[in-house]
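This is a predicted model, so every value here is computed, not measured.
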Amino acid sequence: MTTETDRPVRTDPFETPEERFRRILRTRPADSALRAAAQHVTDLFRSGTYVEELTRAAAGAQAPVTTGRRIAVVGSRGGAGRTTTSALLARVFSALRTDTIAAIDAGTGLGTLDLRLGLDSAPTAAELAAAGPAATVADLARSMGRAQDNLLVTGSGADRHAAPPFARVSSDEATALARTVSRFCPVTVYDCGAGMDLAPTLWALDQAHAALLVTPASVAGIEDALAVASRRPQPGGPGHVPLLVVVVQVDDRAALDPARQAARLGDAGIPAVHLDYDRHLAAGVELDLALLARRTRLQASGLASRALRLAIDGGAR
C-alpha cells in the first residue's frame, strides 16, 4: 500500500517556500538519526521488548465491535492538539484493524483533519449528509475522502472559505449521518471545534459513546480539564458520556510534565492519559505513524485501546 512518504513531491524550481517547507517536514522523523542509532544499539540487548510492549498497548484497539462506536475528541481551547489527536487515533485504528474507520470533521471553522490525514481536501459532512443513506460501504466511500484503504474522511471541502461544514447540517441530518456511518464503520472519530458549548460539539457529545478531552500540559490546560470534568453529567444521569482527558505536551520546553499532570488528574478521580512532545506530530503536516518517536507509538496505541474500551463500556446510544 502506498504511504504518504511514497507519494511524489514537487522539487522543481517553481516550488514555493511553503511547499518546500511542507515537503521537508512531512518526511522528517520525530527521532534524530543519533537517537535512532542509539535505540538500535539498545534493541540488540533488549531482545524485542519494545515489540512486546507495543503489542500489549495495541491489543485493546483491536477489540471486536458489535455496533459502531463513536468517539468525540473535544477541547476547550485552540492549539491544544485536538485535531492532531483525532488524526492520530484515526491512523492508529486504521493501522491496527481490518475493518473500515471513519474520521469526521465536526468543527465550526477551517479544520485541518483532512490535511493531517494526507488529503488536500475531502467532502464535508454537509455533502455526506446530502448524499443520503448509503446502502453499502462502497456507497459511503464514494461520498467521503479516502486517506487509505480502510480510512474514510470528511473535511472542510475544496472551498475552504465556504461556511463551516456543520453550519450547513441540521440536527436531524447529523443524527442520520452518524447512524449511517456507524452502520459500516465500527469506529468513528469526531474532531470537534475548540469550545465545549458549540452546537456541533454538543451534538457530537450527544451521539458519542466516549469523549476525549484534549488539553495542553499547562496551568490553564489543567484548570480547564478540572472545570470541564466537574460540569459533566454524572454516570447514570441524562447526557452522561464517559470522559478521558488527554494531556498533551505541545512544546518541548513546556514547564509542566504531562505524565505528572495526568497523574494529578487521576488522583482527583478524573481518568487521564498523556502524550509527550513529538517533533513529527508538532510539525502540523501529514501524519505518518512510521515517523513517530517509538515512545509516541506506544502512547498512541495505548490511547486508542483505552478510548475504544471506554466507548464499548459506555453502552448503546
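The backbone N or O of Arg179 sits nowhere less than 3.5 Å from a side-chain atom of Ser182 that would complete a donor-acceptor pair. Panel note: side chain Thr180, backbone Pro133; no donor-acceptor pair is recorded below 3.5 Å.
Within the 4.5 Å cutoff, side-chain heavy atoms of Phe93 are placed close to those of Leu308. Looking at Ser301 and Thr55, their side chains never come closer than 4.5 Å, going by heavy atoms from C-beta outward. For the pair Met196 and Leu213, the minimum side-chain heavy-atom distance is below 4.5 Å. Proximity of Val137 to Asp139: side-chain heavy atoms (C-beta onward) are nowhere separated by under 4.5 Å.
For the residue pair Arg116 and Thr84, a side-chain donor N or O sits within less than 3.5 Å of a side-chain acceptor on the partner. For Thr188 and Arg69, the side-chain atoms include no donor-acceptor pair closer than 3.5 Å.
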In sequence, state the C-alpha distance, the side-chain angles, and the governing distance for Leu265 and Leu226, and then conclude on side chain to side chain contact (heavy atoms under 4.5 Å, CB included). CA-CA 8 Å; Leu265 291 171; Leu226 291 168; 3.6 Å; yes
Under the side-chain hydrogen bond (donor to acceptor under 3.5 Å, both in side chains) criterion, do Arg91 and Gln148 qualify, and how do the steps go? CA-CA 9 Å; Arg91 280 289 188 210; Gln148 60 191 65; 2.3 Å; yes
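Residue pairs satisfying the salt bridge (charged side-chain N to carboxylate O under 4.0 Å, His left out) criterion with at least one member in residues 184-203, sequence neighbours excluded, are listed as follows: Arg82-Asp191. Applying the salt bridge (charged side-chain N to carboxylate O under 4.0 Å, His left out) test to residues at least two apart or on different chains, the pairs with a partner in residues 218-236 are Arg77-Asp224, Glu223-Arg264.
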Pairs under 3.5 angstrom only: tabulate donor-acceptor contacts from the side chains of residues 250-258 to other protein residues two or more places apart or in another chain.
| residue | atom | partner | partner atom | Å |
| --- | --- | --- | --- | --- |
| Asp251 | OD1 | Arg253 | N | 2.8 |
| Asp257 | OD2 | Ala259 | N | 3.2 |
| Asp257 | OD2 | Arg260 | N | 2.9 |

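A cation-pi contact links Arg294 to Tyr50, judged by a cut-off of 6.0 Å to the six-membered ring centre and 45° from its axis.
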